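Written out below as structure tokens is the structure these notes cover.
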2 protein chains.
Amino acid sequence: MGASKLFMFDQRINEVARIAKVLAHPARISILKYISEQDGCICNDLVDEIGLSQATISQHLTVIGNEGLLKGTFTGKKKSYCLNIERFEELQMLLNSFLNKTKSNCC
Amino acid sequence: MGASKLFMFDQRINEVARIAKVLAHPARISILKYISEQDGCICNDLVDEIGLSQATISQHLTVIGNEGLLKGTFTGKKKSYCLNIERFEELQMLLNSFLNKTKSNCC
DNA sequence: TCGTAATATTGCAATATTACGATATTGTGA
DNA sequence: TCACAATATCGTAATATTGCAATATTACGA
């Protein structure tokens, strides 16, 4: 019942799914978009921009961060987030590697 | 509280998230992988292959199908699923379009 | 027509995710 | 040190997803 039979899938497959999960919520897409547009940004900007509560934004940032997609630096009491481009590209490549392999043969 | 504040995000953003959501579960990744490897396949094969119940597999197939990723043809009482490559590539392009735009500027 | 095989749907239980108020933490400047 | 601003974490409610047994549907062959 319920979820989490993840154990039964091989690592590669779980990895692709995990990457996709980060992108699977519009708030996180918005956050990534905004961060990239701002060339570094701040959580509170996101709260204003996206219109979700500070707690919720912070939570989404954690989800994105857990996949290694963010570099955050404190400047004073504010935290500047920006993309970890290397990791970002790595994930994009993993995704595309799966997608390309999948579409290569078909009926 | 809880979920679904999707209305507040623009269409483009919701679309990317929706695409990612299809890929956000290892069972669905496995299904896509298996279908592509088999050059057309059958639901019951998937049940054996993936080890989830027939009902669950069928459900996942519906999720994948709702994004237009499957073409199913009945041959007798069996249903042959295969990838809708055109749609598959379209989604891949949408994803990459977002990812590329996002990573292009950074601090 | 019946029985059977393959797939879909329904109903429901278990989990996971999302959201937010309240509170904690951390750093700054007075 | 104290008050304040920015961010993180906790607790909890609402919603969504996942999974399966049971049942329905559909198509075939006898």
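Keep in mind that this is a model prediction, so the values were computed, not measured. Chain naming here is simple, since letters A, B, ... match the order of the sequence lines and numbering starts at 1 in each.
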Worksheet item: Any side-chain heavy atom of Arg12(B) sitting closer than 4.5 Å to one from Leu94(B)?
Response: yes

Discussion item. Please pick, from dA8(D), dA19(C), dT9(C), the nucleotide with the shortest atom-to-atom distance to any side-chain atom of Thr62(B).
Written reply: dT9(C)

Discussion item. Just the rounded figure in Å: distance from P of dA8(D) to CG of Asn66(A).
Written reply: 12 Å

Item to complete: Would you tell me if any nitrogen or oxygen in the side chain of Asn44(A) comes within less than 4.0 Å of OP1 or OP2 on dA5(D)?
Response: no

Worksheet item: For DNA chain C, whose closest nucleotide is more 5', that of Ala55(A) or that of Arg28(A)?
Response: Arg28(A)

Worksheet item: Within this structure, what is the NZ-to-C1' distance between Lys21(B) and dT15(D), rounded to whole angstrom?
Response: 11 Å

Response to the item:
So the salt bridge (Lys or Arg N to Asp or Glu O under 4.0 Å) pairs with at least one residue in residues 83-95 of chain B (sequence neighbours excluded) are Lys103(A)-Glu89(B), Glu67(B)-Arg87(B), Arg87(B)-Glu90(B)

Worksheet item: What residues form a side-chain contact (heavy atoms from CB on, under 4.5 Å) with Ala55(A), not counting sequence neighbours?
Response: Ser53(A)

Worksheet item: How long is the line joining CG of Leu23(A) and C1' of dT17(C), in whole Å?
Response: 16 Å

Worksheet item: Which of the following nucleotides, dA8(C), dC20(D), dA8(D), is nearest to the side chain of Ser58(A)?
Response: dA8(D)

Response to the item:
Against the side chain of Gln54(A), the closest entry in dT7(C), dT18(D), dT7(D) is dT7(D)

Fill in: Distance, rounded to the nearest Å, where Leu52(B) contributes CG and dT17(D) contributes C1'
13 Å

Worksheet item: How long is the line joining CZ of Arg18(B) and C1' of dA16(D), in whole Å?
Response: 16 Å

Item to complete: Please check if any side-chain donor atom of Gln38(A) sits under 3.5 Å from a side-chain acceptor atom of Asp45(A), or the reverse.
Response: no

Fill in: Exercise: do Gln54(A) and Asn44(A) side chains pair donor with acceptor under 3.5 Å
no

Worksheet item: Is any side-chain N or O of Gln59(B) under 3.5 Å from a base N or O of dA8(C), one able to act as donor and the other as acceptor?
Response: no

Worksheet, complete the sentence: By nearest-heavy-atom nucleotide on DNA chain C, the more 5' of Ser53(A) and Thr56(B) is Thr56(B)

Fill in: Euclidean distance, atom NZ of residue Lys79(B) to atom C1' of dT9(C) [Å, nearest integer]
13 Å

Item to complete: With the side chain of His60(A) defined as its heavy atoms from C-beta on, choose the nearest nucleotide among dA8(D), dT18(C), dA6(D).
Response: dT18(C)

Practice prompt. Name the nucleic acid region contacted by Ile57(A), choosing base, sugar-phosphate or nothing; use a 4.0 angstrom heavy-atom cut-off, strictly under.
Written response: nothing

Worksheet entry | Euclidean distance, atom CG of residue Leu61(A) to atom P of dA6(D) [Å, nearest integer] | 16 Å

Worksheet entry | Paired and unpaired positions of DNA chain D as dot-bracket, Watson-Crick or G-U wobble under 3.5 Å, | denoting a partner strand | ||||||||||||||||||||||||||||||

Worksheet item: Side-chain contact, heavy-atom cut-off 4.5 Å: Tyr81(B) with Leu46(B)?
Response: no

Discussion item. Hydrophobic clusters here meaning ILVMFWY residues chained together by side-chain heavy-atom distances under 4.5 Å, can you tell me if Val63(B) and Phe98(A) are in one?
Written reply: no

Fill in: Separation of atom CG in Leu70(B) from atom C1' in dT7(C), rounded to whole Å
14 Å

